[in-house]
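Residue numbers run from 1 in the order of the sequence given. The analysis underlying the following values was restricted to heavy atoms, covering all of them including side chains, and did not include hydrogens, waters or symmetry mates.
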Amino acid sequence: MKMTFRWFGSKDDSVTLEQIRQIPGSPGVVGTLPDIPAGELWPKERIAALKKEIHDAGLEIEVIESVNIHDSIKTGEPERDRCIDNYIATIKTLSEYGIKVICYNFMPVFDWTRTNLYKPLGDGSTALSYEQDEVNKINPENIAETIAKGAKGYSLPGWEPSRMGRLKELFAAYKNITEEALAANLKYFLQAVIPVCEKYDVKMAIHPDDPPWGIFGLPRIVKNAADIERLLALVDSPYNGLTLCSGCFGANPQNDIPAMIRRFGKRIHFAHVRNVKVHSPGNFNEVSHLSSDGSLDLYEIMKAYYDTGFTGYMRPDHGRMIWGEEGRPGYGLYDRALGIAYLNGLWEAIVKANRR
Ligand code: DNO
């Protein structure tokens with residue numbers, strides 16, 4: 001297991017590389033170039049500069065989260081071929097700079113969605129939360145403005161800025177896209193990129209839909225074990241793999257995370273490990289990583305990774321805002337650093353217990 005920490009770049013992140021380096025174990029960096037719109041080529045100089053900056057700080061980068069997928073690829077419009085060509089060229093360049101895993105998602109229009117970015121948890125900390133009733137009240141075409149109002153100058157942390165001004169147009173484009181059509185479009189994309197990934201040794205790791213159920217009437221195809229089974233079969237190569245996000249899948253209590261890790265272990269290239277507290281169907285909030293704070297048993301999750309011989313990349317995931325920190329919701333320094341320390345502690349104990 002290789003521990004990592006997500007970083008959005010010096011312009012877009014309140015956390016510095018120097019701070020990341022001081023986290024116990026100096027985790028690897030999961031980087032990105034957030035200003036490059038989906039569908040465009042990642043210029044070689046930008047990738048080189050990102051790698052140099054991280055290296056100069058004494059850290060490594062082997063994972064990108066994300067190279068986003070243009071909507072024409074998801075909807076199957078003619079523009080997709082140009083976007084796929086750019087994606088392929090980007091994979092090749094990333095491989096030249098030592099990138100081993102690319103995390104991406106195939107969610108229509110919105111990446112992860114929450115209804116409150118600052119829900120008070122009662123101990124003075126805040127965390128991201130989701131209430132289905134609130135989502136049901138939202139007109140999705142105005143959702144960017146609705147949610148941004150509560151976001152203190154950040155747009156919703158995971159969203160792709162280039163899509164936010166085009167919501168009406170995007171909803172229209174997905175009007176007739178069923179889950180089957182979306183899966184067929186994913187297959188078209190994977191059939192084009194996976195041979196390149198095999199040649200250049202870069203693994204694709206799809207992120208689940210967050211939350212793992214349909215929202216705003218849009219199709220979603222990465223919600224549960226049955227969906228994973230289907231997507232891994234679209235192109236049956238180890239390079240067509242998963243980002244298994246425990247907190248995301250775990251928002252639906254029917255998703256048994258340790259069982260999913262054991263079942264799909266060999267195809268999991270990137271593990272996002274965090275906890276979540278589910279209150280009732282469709283309602284949850286994020287919590288610290290500690291098992292007793294949420295609905296998931298992080299020991300059982302780490303044990304499942306150990307038992308399957310996991311050698312991929314792992315990172316703590318969304319943290320609460322604690323100790324007065326201000327930053328990108330879910331992506332502050334303190335609670336994610338506590339998360340790493342806890343995950344490393346669980347891992348060390350499991351490794352040593354199994355040696356005896
Ligand atoms: C949420 C993240 C996601 C993820 C993308 C991958 O915190 O895990 O936004 O980066 O879905 O494309």
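- S66 meets the side-chain hydrogen bond (donor to acceptor under 3.5 Å, both in side chains) test with no other residue; sequence neighbours excluded.
- Using a 4.5 Å cut-off on side-chain heavy atoms (C-beta onward), M260 and N255 make contact.
- We find that K137 and D133 are not joined by a salt bridge, their nearest charged nitrogen and carboxylate oxygen being 4.0 Å or further apart.
- Within the hydrophobic cluster formed by Ile, Leu, Val, Met, Phe, Trp and Tyr side chains joined at under 4.5 Å, directly or through other members, L121 stands alone, with no partner residue.
- By the salt bridge (charged side-chain N to carboxylate O under 4.0 Å, His left out) test, E96 pairs with K44, sequence neighbours left out.
- Taking 4.0 Å as the cut-off between side-chain N and carboxylate O, K187 and E180 do not count as a salt-bridged pair.
- Every pair passing salt bridge (charged side-chain N to carboxylate O under 4.0 Å, His left out) that includes a residue from residues 189-209 is listed here, sequence neighbours excluded: K100-D201.
- Note that CE of M3 is 4.5 Å distant from CG of L343, once rounded to the nearest 0.5 Å.
- The salt bridge (charged side-chain N to carboxylate O under 4.0 Å, His left out) test applied to R336 returns no partner, not counting sequence neighbours.
- Applying the salt bridge (charged side-chain N to carboxylate O under 4.0 Å, His left out) rule to K352 yields the partners E348; only residues at least two apart in sequence or on another chain are considered.
- Side chains of Y200 and L94 form no contact here, defined as non-hydrogen atoms less than 4.5 Å apart.
- A cation-pi arrangement is found for R328 relative to F8, the charged atom lying closer than 6.0 Å to the ring centre and inside a 45° cone about the ring normal.
- The residues E65 and R315 are annotated as salt-bridged, a charged nitrogen and a carboxylate oxygen being separated by less than 4.0 angstrom.
- Under the rule for a side chain to side chain contact (heavy atoms under 4.5 Å, CB included), the partners of A251 that lie at least two apart in sequence or sit in another chain are P212, W213, F284.
- Salt-bridge check for E286 with R274: passed, with a basic side-chain N closer than 4.0 Å to an acidic carboxylate O.
- In this structure, the side chains of F270 and L244 stay at 4.5 Å or more apart for every pair of heavy atoms.
- W347 has its side chain within reach of M1: a pair of non-hydrogen atoms, C-beta onward, lies under 4.5 Å apart.
- Listed by first and then second residue, the side chain to side chain donor-acceptor pair (under 3.5 Å) pairs involving residues 217-236 are E179-K223, K223-D227, E229-R263, D236-R267 (not counting sequence neighbours).
- Electrostatic pairing of K303 and E300 does not count as a salt bridge here, judged by no charged N lying under 4.0 Å from a carboxylate O.
- In terms of the side chain to side chain contact (heavy atoms under 4.5 Å, CB included) criterion, residue partners of L290 (sequence neighbours excluded) are, by chain and number, S288, S292, D293, Y342.
- Closest approach of A225 to F264, counting heavy atoms only: O-CZ, 3.6 Å.
- For R21, the side chain to side chain contact (heavy atoms under 4.5 Å, CB included) criterion is met by S26, L59, not counting sequence neighbours.
- For the pair R80 and D71, the salt-bridge criterion is not met [side-chain N within less than 4.0 Å of a carboxylate O].
- In this structure, the side chain to side chain contact (heavy atoms under 4.5 Å, CB included) partners of D256, at least two apart in sequence or on a different chain, are P258, A259.
- For Q22 (side chain) and Q19 (main-chain N/O), no donor-acceptor pair under 3.5 Å exists by modelled atom type.
- Here the side chains of W7 and I20 are in contact, with some heavy-atom distance below 4.5 Å.
- Ring geometry for H207 against H272 counts as tilted: the plane angle lies between 30° and 60°, on a 0 to 90° scale.
- Here the OG1-CD1 distance, from T113 to I215, works out to 3.5 Å after rounding to the nearest 0.5 Å.
- D123 CG: more than 12 foreign heavy atoms inside a 6.0 Å radius.
- Evaluation of the salt bridge (charged side-chain N to carboxylate O under 4.0 Å, His left out) rule for K52 yields D56 as partners, not counting sequence neighbours.
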